[in-house]
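Worksheet for the structure shown next.
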Amino acid sequence: MLTQLRFKNWRSLRDVTIENLQPINVFIGVNASGKTNILDALYFLRDANIDGSGGVVSNVMKRGGFSHIRTHHVPETLVELEFTFKLHHGSSQIRYCNQIDFINGDEFPLIFSTHIEENNQLIYANDAMPLPFESNLESRWQNATGNERGDVLRYYAHLYEIRRWQMLDEGFVPPLKETQDNDNLILNLISSSGRNVPFILNLMQQTRFDLFAGLSRDLQWLLGNVYDLEIESHFQQTKIKLNEKNQRIVEMPTVSFGTRRLLAILTAMYLLDMDLSPFKLPYRDDMPFADLSHVPLAHMPGLLVIEEPDMALNPGLLRKFVEKLREFVANQHPRQLILTTHNPTFLDYFTPEEIRIVERDAAGYTVVKPISRRIKELWFDDEETPHLPGQGWLNNMFGALAE
Amino acid sequence: MVDECLRRIGRLSQMIHLMAEHAKDIIVMQLLFKQKFPHVKIRPYPPPPKKGGISWLAKNVEKLIITALENRKSKHDCIVVLHDADLQTRPHGRNDYEKVALICKKYRDDVIFIIAYDELEAWLLADSGLAQALNRKPKNYDNEIRPSKILNKWLEDTGRKHLTDEKIAIIEQILKGLDGTGDQHSPSLQAALKKLHDHDCLNEDTQKRL
């Protein structure tokens, strides 16, 4: 499970550390406070990792080059993206720091370096590694640490988790029906727009009907009027159909955005329980640690990042929806959620510890902070008149409210 | 020094953390400041819906002050507690008023305590723009009994709703015409603004210096 994130010189994130991450984390902040920059850094970490050799360069260029990812008005050019996770079979904390540097103001990153620490002790360091960075990582590690292959795999397995981060951006809405093409062949990751949801569901229906039936039940429980879900695939075209309780079959074109977004969220949740090893993650066969294909993926920790999951959902549905989210993180395998919202009614269902406030400081840089212990004691633990977080938000108890 | 540089380049606005007994009082202050000191930002700490009044303020003002101290981004941010004097309507049983005053005194290094005589509505009755919009003449209503009743009568006579709603858009409509000139006729508003000036909350002197 992720316990800490640190971003340095990434867009508005001049130097931001987000500590004590919980199983559920809800980021709130005014528009343009930097929430999307945080999520984009996570996208970058995942995609640069997935794309393998050259992934850093291609993902920097995808974002418009160095000038579009760096913090402006600061002299340093070094960008640092760091995450710390706790091994789920012990108390070890692994800190993984990626550094990207640019020389002479070039738009291309020229240096990528990696530091890995276990419980604050450096176990791997490779400074100024020329790109592409993944080549010979295994032997470099062994040279540096003398670790046996098994240990190396153990650590690297957790980096593998990043490749399973499921992320849905603000505007995600699964398509009504979709034709398969080269862009949506990847089925182990939900696309940020939800575009490949029909294919993932089709695969789930065919290969893991138990999960598909569970998803269908969840949808029925959440929406009431849904009888079940059915995926129809002819040639390359795949359609999603919802059967309503009155037995009328409703094809996706007539299903609202809210229902479709709910379906995408459930798909992302259940996708983490699918062991897609026969479908191979987008990995080159000659890459080191190919042995990891034997690791049961469904047992690995899974992170789901959703921007504004409550958008287009009826307020009356939110309680059940959050119940479903809590059920997801209580999975027998470690699961974690990072969410953003602008909705105080939605926020009411979370605890103060799960909330992170994203703000700009006086100099215009993003800061991320938890609700302070003092504020929590004053307003949320007050036995006589306890506030709910959403109400505290509207009453300006902890910021993140537009002026 | 850093704050001053940021203020100079316009990246640090003056911020007033404002707490009052009713949400509508905070909204009225926001509208007044929008007219008179547009460079000053108000961070409101309103009571929760269906709560408020001097008893609520007395019970919660210390928590609110501590909250504002926690939320303060710069030492230039001002923390202001505002309530009606209500001397004419509640001359006795003033425990809650005294409690608010005592707590503000306890935090006197950080908190500015402002009282509207006899009710905040007197500041609105003294406003030339609003009075003109309501076909009346502005004057000093600080010593009137229940200026809120007078204001509601004025509003009623011109077909406007009473000033009771807590929604900013509705209050903005009700007080259409307000131009922030109430201090010309209301000594209590004048005194309140002077107090804010003296504590450098309105930032005009600072801006002139810069």
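The chains referred to below are lettered A, B, ... by the order of the sequence lines, with proteins before strands, and numbering in each begins at 1. Because only heavy atoms are used, hydrogens play no part in the values below, and waters and symmetry mates are left out as well, while side chains stay in.
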For this session: Kindly indicate, with the supporting measurements, whether the criterion side chain to side chain contact (heavy atoms under 4.5 Å, CB included) is fulfilled by A:Asn395 and B:Tyr45.
Result: CA-CA 5 Å; A:Asn395 288 336; B:Tyr45 294 83; over 6 Å; no

Problem set entry | Stepwise side chain to side chain contact (heavy atoms under 4.5 Å, CB included) test for B:Ile66 and A:Arg374 | CA-CA 8 Å; B:Ile66 297 167; A:Arg374 199 71 208 269; 3.5 Å; yes

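In B:Gln132, the CD atom is not crowded: 12 or fewer heavy atoms of neighbouring residues, nucleotides or ligands sit closer than 6.0 Å.
To the nearest 0.5 Å, atoms CZ (A:Arg373) and CD (B:Glu70) are separated by 9.0 Å. Atom CZ of residue A:Phe398 and atom CG of residue B:Asn71 lie 9.5 Å apart, to the nearest 0.5 angstrom. Atom CG in A:Leu378 sits 9.0 Å away from atom CG in B:Leu64 (nearest 0.5 Å).
Residues passing the side chain to side chain donor-acceptor pair (under 3.5 Å) test with B:Asn95: none are found, sequence neighbours excluded. For B:His83, there are no side chain to side chain donor-acceptor pair (under 3.5 Å) partners at least two apart in sequence or on another chain.
Checked by atom type and distance alone, the side chain of A:Asn396 never pairs as donor or acceptor with a backbone atom of B:Pro46 at under 3.5 Å.
Closest non-hydrogen pair, A:Glu359 versus B:Lys73, comes out as OE1-CE, 4.0 Å.
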